[in-house]
Visitor: 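Next up is a structure, given as structure tokens.
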Amino acid sequence: MEEFREFTGKTVEEAITNASVELGLPSDELDIDILEKGSNGGLFGIGAKDAVINARIKSTSCEDKARDFLDSVFDKMGLDVNIEMLYNDEDNILSINMSGDKMGLLIGKRGQTLDSLQYLTSLVINKGSDEYIRVKLDTEDYRHRRKETLENLARNTASKVKRTHRAQSLEPMNPYERRIIHYALQDDDRVTTYSEGEDPYRHVVVDLKK
């Protein structure tokens, strides 16, 4: 990825214009970080300061866009996170794995923070893209562990429904987790599953087949 370069001007606008001319691109295709806004100074311009900016050409690959966005988020959170990426261009899937201390903060309650980060990263990399790229964001193998937990929950709930002959409603889940429940019990010949309610309270119901 191209490194930032410093540009100056009497005003921020002039510094940005200088960067655009030097880099040969319009300002909307540049990443710009304003370091000094500059000032006119006092009488006769004494003490005037130039505006100073850092500028570089915006990232174009999905990996660069994702890394820039996540680095910015983690910097604001004060987290040191190692990011590994693998892009499958055949299936248009960008897999991102994160590691480091305090990863529990990035997972959140029932993975809600992780899901939000995944959604926002998807918005960032697909903005202006000709084709949709699916983002899979994970840390500490959370997705796999959560999937196993939900599959066990589905089987245990199905057993309870068969034993009590009463339908059981599960906790609210996102669409991805509800699909795991449905899929886990789709071959059970005694119970059926369906979803009820409106997001974010939509949940799966496990009931006996009629």
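Worth saying up front: this structure is predicted, and the values here are computed from it rather than measured.
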Visitor: Does Q186 form a side-chain hydrogen bond (donor to acceptor under 3.5 Å, both in side chains) with H182? I'd like the steps, not just the answer.
Guide: CA-CA 6 Å; Q186 68 176 358; H182 293 312; over 6 Å; no
Visitor: Are Y87 and F69 connected, step by step, through hydrophobic side chains (Ile, Leu, Val, Met, Phe, Trp, Tyr) whose heavy atoms are closer than 4.5 Å?
Guide: yes
Visitor: Within a radius of less than 6.0 Å around NZ of K209, do more than 12 heavy atoms belonging to other residues, nucleotides or ligands occur?
Guide: yes
Visitor: More than 12 non-hydrogen atoms from neighbouring residues, nucleotides or ligands closer than 6.0 Å to CG on N82, yes or no?
Guide: yes
Visitor: Are the charged groups of D68 and R56 less than 4.0 angstrom apart, N to O?
Guide: yes
Visitor: Any link between L123 and V73 through a network of hydrophobic side chains (Ile, Leu, Val, Met, Phe, Trp, Tyr) touching at under 4.5 Å?
Guide: yes
Visitor: Determine all donor-acceptor pairs shorter than 3.5 Å in which one atom belongs to a side chain in residues 196-206; sequence neighbours excluded.
Guide:
residue : atom : partner : partner atom : Å
D199    : OD1  : R178    : NH1          : 3.4
R202    : NH1  : G197    : O            : 2.6
H203    : ND1  : Y201    : O            : 3.2

Visitor: Could you tabulate the donor-acceptor pairs under 3.5 Å formed by side-chain atoms of residues 94-110, not counting sequence neighbours?
Guide:
none

Visitor: For T192, what residues pass the side chain to side chain donor-acceptor pair (under 3.5 Å) criterion, not counting sequence neighbours?
Guide: none
Visitor: Could you list the residues that satisfy salt bridge (Lys or Arg N to Asp or Glu O under 4.0 Å) with E131, not counting sequence neighbours?
Guide: none
Visitor: Output every pair passing salt bridge (charged side-chain N to carboxylate O under 4.0 Å, His left out) with a member in residues 180-190, not counting sequence neighbours, ordered by first then second residue.
Guide: K162-D188
Visitor: Give every residue pair that meets the side-chain hydrogen bond (donor to acceptor under 3.5 Å, both in side chains) criterion with at least one member in residues 163-172, sequence neighbours excluded.
Guide: R146-E171
Visitor: Work out which heavy atom in V161 is nearest to a heavy atom in D207; give both atom names and the distance.
Guide: CG1-C, 3.9 Å
